[in-house]
Amino acid sequence: MTKLRAKPVLASVLGLGLAAAAPAQAQEPIEIGAIYILSGVVSTYGEFAQNGANLAVEEINENGGVLGRPLEITFEDSQLQAQTAIQAMRKLVYQDQVDVLMGLDSSGVATGVVPVVPELQTPFIITHAATPDATGKLCNEWTYRISVNINQNVKAAAIMADESGAQSWTTVGPDYAFGHQSWEFFQKYLSELNPEATFSGSPSFPSLGTEDFTPFINTVIDAQPDGVFLSIWGGDLVNFTRQATDLGFFEQDFEVIMSLGAATEVLHALGDQMPTGITVGTRYWYDGPENAVNDAFVKAYREAYGKVPSYNAQNAYAAVYAYKNAIEKAGSVDKAAIRKALSGMTFQAPMDEVHFRKGDNQAVVGPVYGVTAENPDEEIRKLEPMRIFDGASVTPPVSETGCKLGG
Amino acid sequence: MQTFVAALLNSLDLGILLFVIAVGLNIIFGVLNVINFAHGALYMLGAYCAYTAIGLLGLPFWLALVAAPLVVAAVAVVLERLMLHRIYDRSITDSLLLTFALLLIIDESVRWIWGTSIHIVDPPVGLRGTFTVFGAQHPVYSLFVMAMGVLVGVGLWLFFTRTRAGKVMRAAASDRKMSRLVGINVPLVFTGVFALGAGIAGLGGVVAAPMRAIGPAMGANIIVESFIVVVIGGLGSFPGAFLGALILGAIHGFGSRFLPDLNLVLPFIGMAVVLLLKPHGLMGRPAT
């Protein structure tokens, strides 16, 4: 557990002299509870979220806090298990008495956690877990999601696939809900756009954590489809890409779309070994949105952490600002009032203008897709051309989500 | 033909890397009667040392190939002297608990020292690129992996049968009391065995580094596979590790290719079949 409260020491040392200039420090802090994966093999995602959230808290406190009160954030480790995450949330709400909650990196954890949120009677913003169920059939009035979900991500992939002109498609995806759902939605959305499209009857689903993808790579090369849709992510995608490069996968005649290929942790790991000319997606791209909030965020993030922000860092950063806006809109930290303020709220995040849709509490946001190209100015590939998908164009209507909130 | 050759080559380089990991596990079990849960973590440590040497310090791959296993062996000596040597006379479950704790300690230390991001290193010049055989394209580096596996296998066999140190280790393994009586410094031998097993795991890590993503997940992934290898081959058996590794390599290489829907369960089906027919593995002996 780590606590962060920006400059409390400084404030107390300088004491009275600065009290008037920094009224935020004098008041009881507003408490945020955050649950992320902070240990184990994929803790890099929790670290990104911590970086993003901490940066937002520091900025807000330096500018006088919210309603004159400073923010304080407490992180808990989900250990990538729903039970652990639920205990952590109960601890945050009942013991630490936090005002709001945010977090969650895994879809599996989210499906376990979301049904418990109403019991806690505390607003909760999901910033990473992408399962459609969290704002679909499991939705509830306390749970919001600020990040791009699987439907939005894959709808955009299907649009890219349709425009590529490729007709026959196959996939390689991780063998759990995310990989299978991604493929299912890809077929659904691409069929709607192009009824002629055909899909392989024997797609490949290597297990999560596969070290050697060679057999799956060879299967695709032998099948010679027109296009291949890859939903592998993280370290697995790094392994896949290197092994695929060795086997000439990227020199074949088929289109390659990686739904999470532009995640910065993957691009940083691969550097100039990331092939150019392939279509990659991500849920936020630092060099995409043209707005002042994004410029300031990327600059501050680089100064603080020496790297460009990943999508998970942006999501957590944006969630803290979403709460700031909701609290100011509600005029208090009353939990029910914040929840109501979030519903239907629109505010400016680095990625775009974010709107929490009434009806399922999903943010109407879109992913970014682009073609990898050499970039002499950065350690990582750039996207050129790049396309930021408008949330409205890739978000399925509430009636399709299975959410029965109404409103 | 092309499909078959590709699957065969793939089975071999998978299997041989697994052999290098599993044989260290078996040496440690065979002599110390310790099932080393931390073996995957030591393999990961070897890979991170290789990344430090090659990726961060710009040293040649060949230097890392020698130095990283020595660093891992040195870490193993410290762990053995501080902790492991105290539990040799206890039941095997105690050693499981202790080495599991070591696994957590090494994993978290690696995260603490190197952070959580994913890294890669390049194969050495001369082993980059691919070759084509019967129409199947395969990385040149995998030939080196196979050669290293054979070298480790033959080297260990010669060591245990032809050298004094190797024979002393085997003597200490078969009868600790008698070995002590004839003047063998058993604690020293045990330290050496643990360092040797760990050093081979570290070597596996360096060899794997240019073809695997180096990240906090790599230790956990390989340890499950190596346990399957020793269960199939037989715990403590040297040829068993080789056989088990090749079988598991083939399960992955051919299974993922021809039965992709079953790739998740095939290794466990293989393991279950062996356990049903030969509970101690194809070439194993009962645990004591």
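Each chain gets a letter, A, B and so on, in the order the sequences are listed, and its residues count up from 1. These numbers come from a predicted model, not from an experiment. Keep in mind that the numbers below use all heavy atoms, side chains included, and drop hydrogens, waters and symmetry copies.
We find the NE2-CZ distance between H252(B) and F216(A) to be 9.0 Å, quoted to the nearest 0.5 Å.
In terms of heavy-atom proximity, A213(B) sits nearest to G235(A) at CB-O, 3.7 Å. For the residue pair E47(A) and T116(B), the shortest heavy atom distance occurs at OE1-OG1, 3.2 Å.
Inter-residue side-chain proximity for S43(A) and R111(B) is flagged as met; some heavy-atom pair is nearer than 4.5 Å. Residues P139(B) and L247(A) meet the side-chain proximity criterion, which asks for heavy atoms closer than 4.5 Å. Side-chain contact check for H268(A) versus I118(B): every heavy-atom pair is 4.5 Å or farther apart. Taking the side chain as every heavy atom from C-beta outward, N10(B) and Q243(A) never approach each other to under 4.5 Å.
With R257(B) as reference, D222(A) is the one residue of N218(A), D222(A), T214(A) to meet the side-chain hydrogen bond (donor to acceptor under 3.5 Å, both in side chains) rule.
Heavy atoms closer than 4.5 Å to chain A are found nowhere in V110(B), neither backbone nor side chain. For a residue to count as touching a neighbouring chain, one of its non-hydrogen atoms must lie under 4.5 Å from one of that chain's; by this rule E225(B) does not touch chain A. Contact of S39(A) with chain B is made through backbone and side chain together, with heavy-atom distances under 4.5 Å. Contact annotation for F205(A): only backbone heavy atoms (N, CA, C, O) come within less than 4.5 Å of a heavy atom of chain B. Neither the backbone nor the side chain of I221(A) comes within contact range of chain B, judged by heavy atoms closer than 4.5 Å.
Taking chain B as the reference chain and counting heavy-atom pairs below 4.5 Å, the highest number among V266(A), D236(A), T219(A) is found for T219(A). Among D107(B), D122(B), V140(B), T3(B), the residue making the largest number of heavy-atom pairs under 4.5 Å with chain A is D122(B). With chain A as the partner, the residue from V224(B), N221(B), I120(B), L14(B) showing the most heavy-atom pairs under 4.5 Å is I120(B). Taking V238(A), T245(A), T241(A) one by one and counting their heavy-atom pairs under 4.5 Å with chain B, the maximum is reached by V238(A).
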Between D212(A) and R212(B), is a side chain to side chain contact (heavy atoms under 4.5 Å, CB included) present by the stated rule, with each step listed? CA-CA 8 Å; D212(A) 193 322; R212(B) 297 276 196 269; 4.2 Å; yes
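A donor-acceptor pair under 3.5 Å links the side-chain atoms of R242(A) to the main chain of P210(B), judged by distance alone.
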